[in-house]
Amino acid sequence: MPSVVKINVLTVPAEQREVLEQRFASRAGAVESSDGFEWFELLRPVEGTDQYLVYTRWASEEAFQAWMSGPMQSAHRPAGAAGQKPAAAGSTLWSFEVVQSTGPKAG
């Protein structure tokens with residue numbers, strides 16, 4: 001069964017970028033211990049867009065769904081800040097199956 005990749009596309013106004021990055025940094029470790037989790041990256045836009053990409057890779061769709069229905073809920077609950085405003089103005093989830101993958105050659 002191929003791994004699955006989920007990319008959450010977050011539209012983040014310039015004044016909220018630092019807030020978004022700090023919130024992700026404060027959640028360090030929230031996803032890493034989830035069954036089937038393989039990889040995470042938060043990608044900051046360099047030019048031409050206000051969209052961050054949140055890249056996660058999972059062993060299966062089932063592993064991703066299990067995380068979404070449990071640990072993700074608590075990871076995205078504001079810590080002690082009732083009514084805390086979201087840093088992103090919008091969000092879209094892209095889903096992919098890994099068809100080919102490679103890494104650096106050993107040498």
Side-chain angles (χ1 to χ4, degrees):
M1 178 183 297
S3 295
V4 295
V5 169
K6 301 294 182 172
I7 299 173
N8 195 0
V9 183
L10 302 176
T11 303
V12 182
E15 67 275 8
Q16 289 293 98
R17 286 182 168 198
E18 189 175 331
V19 171
L20 178 88
E21 291 180 23
Q22 287 175 351
R23 288 183 186 169
F24 270 95
S26 70
R27 282 193 207 109
V31 70
E32 288 89 329
S33 60
S34 296
D35 289 340
F37 169 78
E38 296 179 352
W39 199 259
F40 161 86
E41 290 178 318
L42 175 62
L43 306 175
R44 176 192 303 139
V46 176
E47 59 185 36
T49 185
D50 59 356
Q51 295 180 319
Y52 275 73
L53 300 181
V54 182
Y55 174 101
T56 57
R57 183 170 167 155
W58 300 87
S60 67
E61 179 67 24
E62 293 75 20
F64 172 73
Q65 292 300 330
W67 177 74
M68 285 288 290
S69 64
M72 187 281 298
Q73 299 296 324
S74 58
H76 286 79
R77 207 171 283 133
Q84 186 178 39
K85 178 184 170 195
S91 172
T92 302
L93 184 64
W94 295 342
S95 300
F96 300 89
E97 284 186 345
V98 177
V99 179
Q100 294 182 20
S101 183
T102 190
K105 290 183 180 179

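The first residue in the sequence is number 1, and the count goes up from there.
- Checked against the 6.0 Å centroid criterion, the rings of Phe37 and Trp58 qualify as a close aromatic pair.
- Considering every non-hydrogen atom in both Ala63 and Asp35, the closest pair reads CB-O, 3.5 Å.
- Side chains of Val98 and Val4 form no contact here, defined as non-hydrogen atoms less than 4.5 Å apart.
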- Query: Are Leu20 and Arg17 close enough, and set up right, to give a side-chain contact (heavy atoms from CB on, under 4.5 Å), and what steps lead you there?
  - Reply: CA-CA 5 Å; Leu20 178 88; Arg17 286 182 168 198; 5.8 Å; no
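- A distance of 9.5 Å separates OG1 in Thr56 from CE in Met68, rounded to the nearest 0.5 Å.
- Interatomic distance, Tyr55 OH to Ile7 CD1, rounded to the nearest 0.5 Å: 7.0 Å.
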Show me the side-chain donor-acceptor pairs of residues 38-48 shorter than 3.5 Å, one per line, residues at least two apart or across chains.
from  : atom 1 : to    : atom 2 : distance (Å)
Glu38 : OE1    : Ser3  : OG     : 2.8
Glu38 : OE1    : Arg57 : NE     : 3.0
Glu38 : OE2    : Ser3  : OG     : 3.2
Trp39 : NE1    : Glu41 : OE2    : 3.4
Arg44 : NE     : Glu21 : OE2    : 2.7
Arg44 : NH2    : Glu21 : OE1    : 2.8
Arg44 : NH2    : Glu21 : OE2    : 3.4

Let's go through Asp50 and Thr11 carefully: what are the C-alpha distance in whole Å and the side-chain angles of both, what is the deciding distance for side-chain contact (heavy atoms from CB on, under 4.5 Å) to 0.1 Å, and is it a yes or a no?
CA-CA 6 Å; Asp50 59 356; Thr11 303; 3.5 Å; yes
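- Under the 4.5 Å side-chain heavy-atom criterion for grouping Ile, Leu, Val, Met, Phe, Trp and Tyr, Leu53 is connected to Val5 within one hydrophobic cluster.
- Residue pairs meeting the side chain to side chain donor-acceptor pair (under 3.5 Å) criterion with at least one member in residues 88-100, sequence neighbours excluded, are Lys6-Ser95, Asn8-Ser91.
- Placement of Val54 and Val12 within a single hydrophobic cluster is found when ILVMFWY residues are connected by side-chain heavy-atom separations under 4.5 Å, directly or transitively.
- Around CD of Glu18, the count of heavy atoms belonging to other residues, nucleotides or ligands within 6.0 Å does not exceed 12.
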